[in-house]
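To start, the structure under review is shown below, and the notes come after it.
These values consider heavy atoms only, across backbone and side chains, with no hydrogens, waters or symmetry-generated copies.
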Amino acid sequence: MNERAYDVLAELLSNRGVDVASVEGRLRTQRVETPSWGYGNSGTRFKVFPQLGVPRDPFEKLADAAEVHRLTGICPSVAIHIPWDRVDDYGELAQYAGSLGMTIGAVNPNLFQEEDYRLGSVCNPDEAVRRRATDHLIECVEIGREVGSDILSLWFADGTNYAGQDSFVERRHRMLECLSEIYEAMPESMRLLLEYKPFEPAFYHTDLSDWGAALTMCQKLGHRAEVLVDLGHHLQGANIEHIVALLLDEGRLGGFHFNSRKYADDDLIVGSVNPFELFLIYVELVEAEETTRIDYMIDQAHNIEPKIEAMILSVMNLQDAYAKALLVDRAKLDGARRSGDVLLAHRLLLEAYNTDVRHLCAKVREDLGASADPISAFRESGYLEKVVDERLEGAGAGWG
Ligand code: LRH
Ligand code: MN
């Protein structure tokens, strides 16, 4: 860690009236969940470029996630996806996670890769197909119990491709009927997160297309149903930080799937396309998270870049964005807003955003027993070379 650079920054921030110790305290409590599928092979409909050393099963995915946690200090849990992470003994999987100092987080069912779901899963006109979909969701509630997870994270590909194909309202009622059964089947400790998406794979309408569709469905289900915001699931021009503020005000912001996009659901490294937007989202979260539980998860597909390093860089970008958001002088901002001083309010955000917080984040990682410079540490660790050797036999895991 560059002590001198840190000391200069800490002094600069104290002179600005920033309580550096409390900022570091908040940064030490930051938590980001990484996705098991982010360590496996992934691609587009054009090509999946398999990589050497990719995990071959959920146990090896957990091992790679533990390496990311070892180096960043803030990623002690992994989201799983069923059936991509199906095992014979989920208790054994949770135990193995524990042996790595990790836990299993959100359980993600998969209702978008079976033939039966051509016309939808829980919204399908065919009751037998809806029953099958509901049974898979109930299976995932049980898996949640076995692995000690209290989050059921739901995304539905359900939608239509042509006008007239089906009734928007009947489909919505079918979804509500199914989700009501799941809501009842969940233990009191479990929360249900509903993830919306405007299009793909459906290209005329998607049943859970936007925050409004997800919010109103959650309000019908109950207080343990909340909205999950995937940054890539917004049409061009959408103001995501405004949507976040609105969901917080409704008390229904359950969590995030962090990634970034330039065009559509690109699933690129979070903060790599629009770091200012990511900062603005955290500016809305800083005060709210003191009273609200919010689950921060990454959802990315590393199609051409090395997967573990990509995950490490993603976590570092989230630490940076959070650190900058914690530097906003809230008292001055409230004053500027009340007095209608438009540009002072804007410049107070820019002052925080334009602060180079890398040495602060480096110190916090060191204080957590992790690495000041995780990417260099990873490259020098020989971990990748080790797993490439160990995982020569057999195919790398992927999306099915
Ligand atoms: C859908 C989605 C959803 C997942 C999948 C891996 O686009 O964002 O969260 O289940 O990606
Ligand atoms: Mn997602």
Side-chain angles (χ1 to χ4, degrees), residues 31-41 54-70 72-114 132-155 178-179 181-193 195 224-226 228 254-255 257 293 295-299 307-308 311 383 386-387 390-391 393-400:
R31 290 291 174 270
V32 174
E33 183 161 298
T34 65
S36 66
W37 57 95
Y39 300 103
N41 281 323
V54 155
R56 298 164 297 181
D57 59 46
F59 295 87
E60 293 180 344
K61 294 175 188 175
L62 287 174
D64 290 1
E67 180 66 5
V68 172
H69 179 49
R70 181 179 75 82
T72 63
I74 67 164
C75 306
S77 65
V78 180
I80 60 173
H81 218 294
I82 307 298
W84 299 339
D85 298 314
R86 179 164 281 149
V87 292
D88 302 336
D89 181 341
Y90 287 99
E92 184 195 7
L93 187 68
Q95 228 162 27
Y96 179 68
S99 73
L100 297 169
M102 307 286 286
T103 61
I104 293 178
V107 176
N108 292 258
N110 182 327
L111 291 173
F112 50 89
Q113 288 187 312
E114 306 284 336
R132 177 150 185 245
T134 307
D135 291 345
H136 174 58
L137 297 179
I138 288 174
E139 175 203 5
C140 289
V141 169
E142 291 320 307
I143 291 170
R145 272 184 228 274
E146 287 176 62
V147 299
S149 168
D150 61 4
I151 299 180
L152 184 69
S153 187
L154 303 181
W155 170 68
C178 156
L179 293 183
E181 182 179 338
I182 302 306
Y183 193 86
E184 291 319 309
M186 292 193 314
E188 271 299 315
S189 59
M190 191 174 273
R191 291 157 63 237
L192 181 157
L193 301 185
E195 181 179 1
R224 289 182 291 116
E226 296 178 318
L228 187 150
H257 273 180
R293 173 181 166 176
D295 287 276
Y296 301 101
M297 297 168 276
I298 289 173
D299 176 10
K307 300 169 190 296
I308 297 173
M311 205 67 84
Y383 181 88
K386 178 172 77 71
V387 294
E390 288 168 0
R391 300 170 183 176
E393 304 311 310
W399 283 36

Below 4.0 angstrom, N of the basic side chain to O of the carboxylate: do Asp150 and Arg191 qualify? no
For a quick test of reading the model, state the closest non-hydrogen atom pair linking Leu193 to Gly254 and the distance between them. CD2-CA, 3.8 Å
Step through the shown structure and confirm whether more than 12 heavy atoms of other residues, nucleotides or ligands are within 6.0 Å of CD on Gln95. no
For the pair Ile151 and Met190, evaluate side chain to side chain contact (heavy atoms under 4.5 Å, CB included) and give the outcome as yes or no after the intermediate values. CA-CA 6 Å; Ile151 299 180; Met190 191 174 273; over 6 Å; no
Apply side chain to side chain contact (heavy atoms under 4.5 Å, CB included) to Asn108 and Trp84, showing your working. CA-CA 10 Å; Asn108 292 258; Trp84 299 339; over 6 Å; no
Using a 4.5 Å cut-off on heavy atoms from C-beta on, say whether the side chain of Met311 contacts that of Pro35. yes
Using the ring of Tyr183 (Phe, Tyr or Trp, six-membered ring only), decide whether Arg224 places NZ or CZ under 6.0 Å from its centre and within 45 degrees of its axis. yes
Please report the closest heavy-atom contact between Val107 and Gly144, naming both atoms and the distance. CG2-CA, 3.9 Å
In Å and rounded to the nearest 0.5 Å, what is the CD1 to CG distance from Ile104 to Leu62? 5.5 Å
Does either side chain, that of Thr134 or that of Glu181, offer a donor lying less than 3.5 Å from an acceptor on the other one? no
Please check if any side-chain donor atom of Asp299 sits under 3.5 Å from a side-chain acceptor atom of Trp37, or the reverse. yes
Counting N and O atoms only, with roles assigned by atom type, does the side chain of Lys307 sit under 3.5 Å from a partner on the main chain of Gly40, one being a donor and the other an acceptor? yes
Would you check if the side chain of Glu60 reaches a backbone N or O of Arg56 as a donor-acceptor pair within less than 3.5 Å? yes
Quick check for you: to the nearest 0.5 Å, what is the distance between Leu111 atom CG and Ile82 atom CD1? 12.0 Å
For Arg31 and Gly73 the tightest heavy-atom approach is NH1-O, 4.3 Å
Determine, stepwise, if the pair Asp64 / Val54 fulfils side chain to side chain contact (heavy atoms under 4.5 Å, CB included). CA-CA 9 Å; Asp64 290 1; Val54 155; over 6 Å; no
Got a second to check how far Leu137's CG is from Leu179's CG, nearest 0.5 Å? 7.0 Å
Closest non-hydrogen atoms of Ile80 and Asp85, given as atom of the first, atom of the second and distance, are CA-OD2, 3.3 Å
Scanning both residues in full, the closest heavy-atom pair of Pro83 with Asn110 reads CD-CB, 3.6 Å
When every non-hydrogen atom of Thr34 is compared with those of Ala65, the smallest separation belongs to OG1-CB, 3.8 Å
Which value, rounded to the nearest 0.5 Å, describes the distance between Arg70 atom CZ and Met102 atom CE? 12.5 Å
Does Gly105 offer a backbone N or O that forms a donor-acceptor pair with the side chain of Ser149 under 3.5 Å? yes
The reported gap from NE2 in His136 to SG in Cys140 (rounded to nearest 0.5 angstrom) is 4.0 Å
Sidechain N-carboxylate O distance under 4.0 Å for Asp57, Arg86: no
Measuring from Glu226:CD to Glu195:CD, what's the distance to the nearest 0.5 Å? 14.5 Å
Looking at Ala106, is its backbone amide N or carbonyl O close enough to the side chain of Glu33 to form a donor-acceptor pair, meaning the two atoms are under 3.5 Å apart? yes
Contact check, side chains of Phe59 and Val87, non-hydrogen atoms, under 4.5 Å: yes
